[in-house]
Every structure is written in C-alpha cells, then in structure tokens.
Amino acid sequence: VRRLPGPTLSSRSVAAASGPGALGTDHYCLELLRKRDYEGYLCSLLLPAESRSSAFALRAFNVELAQVKDSVSEKTIGLMRMQFWKKTVEDIYCDNPPHQPVAIELWKAVKRHNLTKRWLMKIIDEREKNLDDKPYRNIQELENYAENTQSSLLYLILEILEIVGIKDLHADHAASHIGKAQGIVTCLRATPYHGSRRKVFLPMDICMLHGVSQEDFLRRKQDKNVRNVIYDIASQAHLHLKHARSFHRGVPVEAFPAFLQTVSLEDYLKKIQQVDFDIFHPSLQQKNTLLPLSLYVQSWRKRY
C-alpha cells in the first residue's frame with residue numbers, strides 16, 4: 001500500500017508524529033487489520049487510493065477497542081484502557097496525539113478529512129458500556145450497540161469518502177442498516193467462541209420466546225428451538241440488509257465502496273441458511289477463500 005501524503009503539520013504536530021514508534025505506523029494499522037479484521041482489511045483495500053490509509057486507521061482504532069473486552073481479566077483494567085482512548089481522541093483534536101501507532105494514523109485521518117469527533121467518542125462509549133458480561137435483553141439492545149459501533153464507523157468512512165451532508169441522507173440510512181446487520185452477524189459468528197468461554201450474549205427475549213436457555217447454547221444443543229432462535233436473529237440481519245438496499249437508487253455511487261462488507265454479511269447469512277441455522281456447524285468457522293474475488297466483482301459492478 002503506497003503511503004499517502006500526510007496533512008499539513010504544525011511544529012508541535014511534527015514532534016508528535018516523529019517520536020518513537022512513528023515509523024511504520026501506517027504499516028502497523030494495516031497488519032493489525034489483516035490479522036484481526038481480515039474482511040475490513042479487504043474492504044479497505046478496495047477504497048479509492050486517497051481514502052485508503054484513513055480507512056485503515058479508523059478500522060484499526062475499532063479493532064483496538066474491540067480487543068479490550070477479551071484481553072483484560074478485570075473490568076477495571078478495561079475501563080482504564082477505554083479512558084486512554086477517550087483522552088487520545090481529545091488529544092488528537094488538540095493536535096497532540098500520543099506516541100501510539102493507531103493514534104498517530106487516526107490523527108492524520110482526522111486532519112485530512114476533518115472527521116466528526118462525536119462518532120469516534122460514540123464508539124468508545126458503547127464499547128465501554130459493553131465491558132459488562134451481560135447478554136442483550138432484547139434484539140433492540142443489540143441493534144443499539146451495533147448502531148453506536150458499526151454504523152458510527154461507517155459514517156466516518158463515508159466522511160473520508162467525502163459523502164456528507166443532508167443531501168446524502170440515503171447514504172446515512174443505508175449505513176445505519178448495514179451497521180446493524182454487521183453487529184447482529186458478528187454476534188452470531190462469535191457465539192461458538194463465547195460458548196467455549198461459558199458466555200452467551202444472544203438476545204434474551206428471543207431465547208425466552210422459544211423456551212431456550214443459555215445452558216442449551218453452552219451444551220451446543222441443536223434442537224429445533226435452538227435453531228429457531230438463530231433463525232429469528234439471522235432474519236433480523238437479513239431485514240436490515242434489505243432495508244439498506246432499498247435506498248440503492250438514492251445513494252451516490254461514490255458511497256458504494258463504504259458498503260462492500262455487505263458481501264461477507266450476505267455470504268454468512270446464506271451459509272447459515274444452508275446448514276439449517278445450526279450455529280455450531282464447522283463450515284461457518286471456515287474462511288471464504290473466494291471473498292477477495294467476490295468483493296472485487298461487487299466493487300466493479302458498483303453495487304452493495
């Protein structure tokens with residue numbers, strides 16, 4: 001990935017960007033994404049060249065926050081890390097980023113595209129609230145979490161593509177629904193992993209509706225009721241994709257690259273349907289080797 005010219009720097013900013021660890025900060029973000037968010041990495045590669053490094057920074061920022069919950073043994077430590085990122089965002093907007101690779105690249109993205117601070121803070125706040133190991137009480141709670149994390153990230157990516165303003169309300173609506181679909185699918189995909197750690201985060205209202213307990217998921221039961229729970233949750237993700245595509249004609253074609261992740265969402269929803277909504281089926285854990293090609297084709301066809 002070619003390095004993009006950075007923003008105009010003040011002398012104070014130069015000191016911050018040229019400190020220890022600044023060399024290769026763009027490469028650090030790229031590698032973090034490639035290892036921790038491969039689908040986001042592929043989607044970012046297909047963005048216009050002038051937006052690519054900023055997208056890597058935003059997605060790397062999201063990965064850093066997402067990793068906190070699984071990498072700390074105590075909630076207090078998680079809260080401290082979230083506090084670090086809150087202060088980091090404040091410092092970025094004061095032109096004084098800390099000497100941390102993701103922070104430096106995020107600062108460059110903010111300077112280059114004048115990104116909205118509110119979306120960055122929303123992602124941190126929501127991730128912080130989610131440090132409590134509690135299942136979602138209902139599907140609306142899961143959707144709210146997805147809106148404040150995944151949709152907020154998409155609003156920022158639209159900003160780096162310079163798709164902003166009231167005239168592009170359709171793009172914002174599409175981003176909202178795609179973000180919600182992403183959040184729901186991520187929750188489903190992570191269920192086997194969470195189960196291995198004796199945790200279940202699936203919406204309680206849908207589980208109760210079908211008479212399914214958390215223990216059923218921990219025991220990896222595959223009866224009709226368990227599958228019905230997964231069917232209902234997956235259907236909600238599918239509905240959000242459908243709503244997002246209903247805005248297709250009103251969304252500027254320049255915004256389509258921001259929505260390429262619909263390819264992997266669609267792929268997962270088709271796979272889970274093929275295995276009759278068995279959330280623990282081994283095929284759902286396999287990487288789709290054709291995903292790069294599918295993303296490229298969708299990008300070329302100018303669709304989402």
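Only this structure's heavy atoms are used, side chains among them; waters, hydrogens and symmetry mates stay out.
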With rounding to the nearest 0.5 Å, note down the distance linking [atom1] in [X] to [atom2] in [Y].
X    : Y    : atom1 : atom2 : result
I233 : F277 : CD1   : CZ    : 11.5 Å
I157 : F259 : CD1   : CZ    : 9.5 Å
S152 : K122 : OG    : NZ    : 5.5 Å
L106 : R59  : CG    : CZ    : 14.0 Å
L209 : N138 : CG    : CG    : 12.5 Å
N130 : T149 : CG    : OG1   : 8.0 Å

Just wondering, do [Y] and [X] contact through their side chains at under 4.5 Å, heavy atoms?
X    : Y    : value
M121 : V89  : yes
Y268 : R189 : yes
E141 : Y145 : no

Show me the side-chain donor-acceptor pairs of residues 289-304 shorter than 3.5 Å, one per line, residues at least two apart or across chains.
from : atom 1 : to   : atom 2 : distance (Å)
S294 : OG     : L290 : O      : 3.1
Y304 : OH     : A244 : O      : 2.6
Y304 : OH     : H248 : N      : 3.4

**Prompt:** Under 30°, 30 to 60°, or over 60°: which ring-plane class applies to Y155 and W119, parallel, tilted or perpendicular?
**Reply:**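 If you compare the ring of Y155 with that of W119, the planes turn out tilted.
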
Taking [Y]'s backbone N and O only, do any of them form a donor-acceptor pair with [X]'s side chain (distance below 3.5 Å, no angle check)?
X    : Y    : answer
N148 : N144 : yes
H113 : L115 : no
Q100 : V102 : yes

**Prompt:** Stepwise, does the salt bridge (charged side-chain N to carboxylate O under 4.0 Å, His left out) test hold for K86 with E90?
**Reply:** CA-CA 6 Å; K86 281 183 184 178; E90 294 291 350; over 6 Å; no

List the atom of [X], the atom of [Y], and the distance in Å for their closest heavy-atom pair.
X    : Y    : value
I139 : P203 : N-CB, 3.8 Å
A255 : L158 : CB-CD2, 3.7 Å
S51  : I160 : OG-O, 3.3 Å
L218 : G195 : CD2-O, 3.8 Å
A234 : L269 : O-CD2, 3.8 Å
L47  : A55  : CD1-CB, 3.2 Å

Between [X] and [Y], a side-chain donor and acceptor under 3.5 Å:
X    : Y    : answer
R127 : N62  : yes
Q236 : E143 : yes
R197 : Y193 : yes
W107 : D95  : yes

salt_bridge([X], [Y]) N-O dist < 4.0 Å:
X    : Y    : answer
E159 : R112 : no
E126 : K129 : yes
D267 : K271 : yes
D133 : K69  : yes
D205 : R137 : no
K108 : D26  : no

What do you reckon, is [atom1] of [X] surrounded by more than 12 foreign heavy atoms closer than 6.0 Å?
X    : atom1 : answer
H194 : NE2   : yes
Q273 : CD    : no
Y231 : OH    : no

**Message:** Would L161 and E254 count as a side-chain contact (heavy atoms from CB on, under 4.5 Å) here? Give the steps.
**Reply:** CA-CA 7 Å; L161 292 171; E254 295 83 7; 6.0 Å; no

**Message:** Show, in sequence, the C-alpha distance, side-chain angles and deciding distance for E31 and R36, and conclude whether the salt bridge (charged side-chain N to carboxylate O under 4.0 Å, His left out) test is met.
**Reply:** CA-CA 8 Å; E31 283 300 303; R36 300 292 182 184; over 6 Å; no

**Message:** Do M208 and V229 sit in one hydrophobic cluster, given that two such residues count as connected whenever their side-chain heavy atoms are within less than 4.5 Å of each other, even indirectly?
**Reply:**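 Different clusters.
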
**Request:** Can you spot which of I279, V212, D232, T191 makes a side-chain contact (heavy atoms from CB on, under 4.5 Å) with L202?
**Result:**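 Single side-chain contact (heavy atoms from CB on, under 4.5 Å) partner of L202 among I279, V212, D232, T191: T191.
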
**Prompt:** Looking at F201, does the NZ or CZ of K134 lie under 6.0 angstrom from its six-membered ring centre and within 45 degrees of the ring axis?
**Reply:** no

**Request:** For F61, enumerate each residue passing the ring-ring contact (aromatic ring centres under 6.0 Å, His included) test, keeping only those at least two apart in sequence or located in another chain.
**Result:**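 So F61 forms a ring-ring contact (aromatic ring centres under 6.0 Å, His included) with W85.
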
For residues 173-188, tabulate all N or O donor-acceptor pairs below 3.5 Å that involve a side-chain atom, not counting sequence neighbours.
from : atom 1 : to   : atom 2 : distance (Å)
S176 : OG     : E147 : OE1    : 2.7
H177 : ND1    : H240 : ND1    : 3.0
Q182 : OE1    : Q261 : NE2    : 2.7
Q182 : NE2    : T186 : OG1    : 3.4
T186 : OG1    : Q182 : O      : 2.7

**Stepwise salt bridge (charged side-chain N to carboxylate O under 4.0 Å, His left out) test for E64 and R81** = CA-CA 10 Å; E64 287 277 8; R81 291 200 188 172; over 6 Å; no

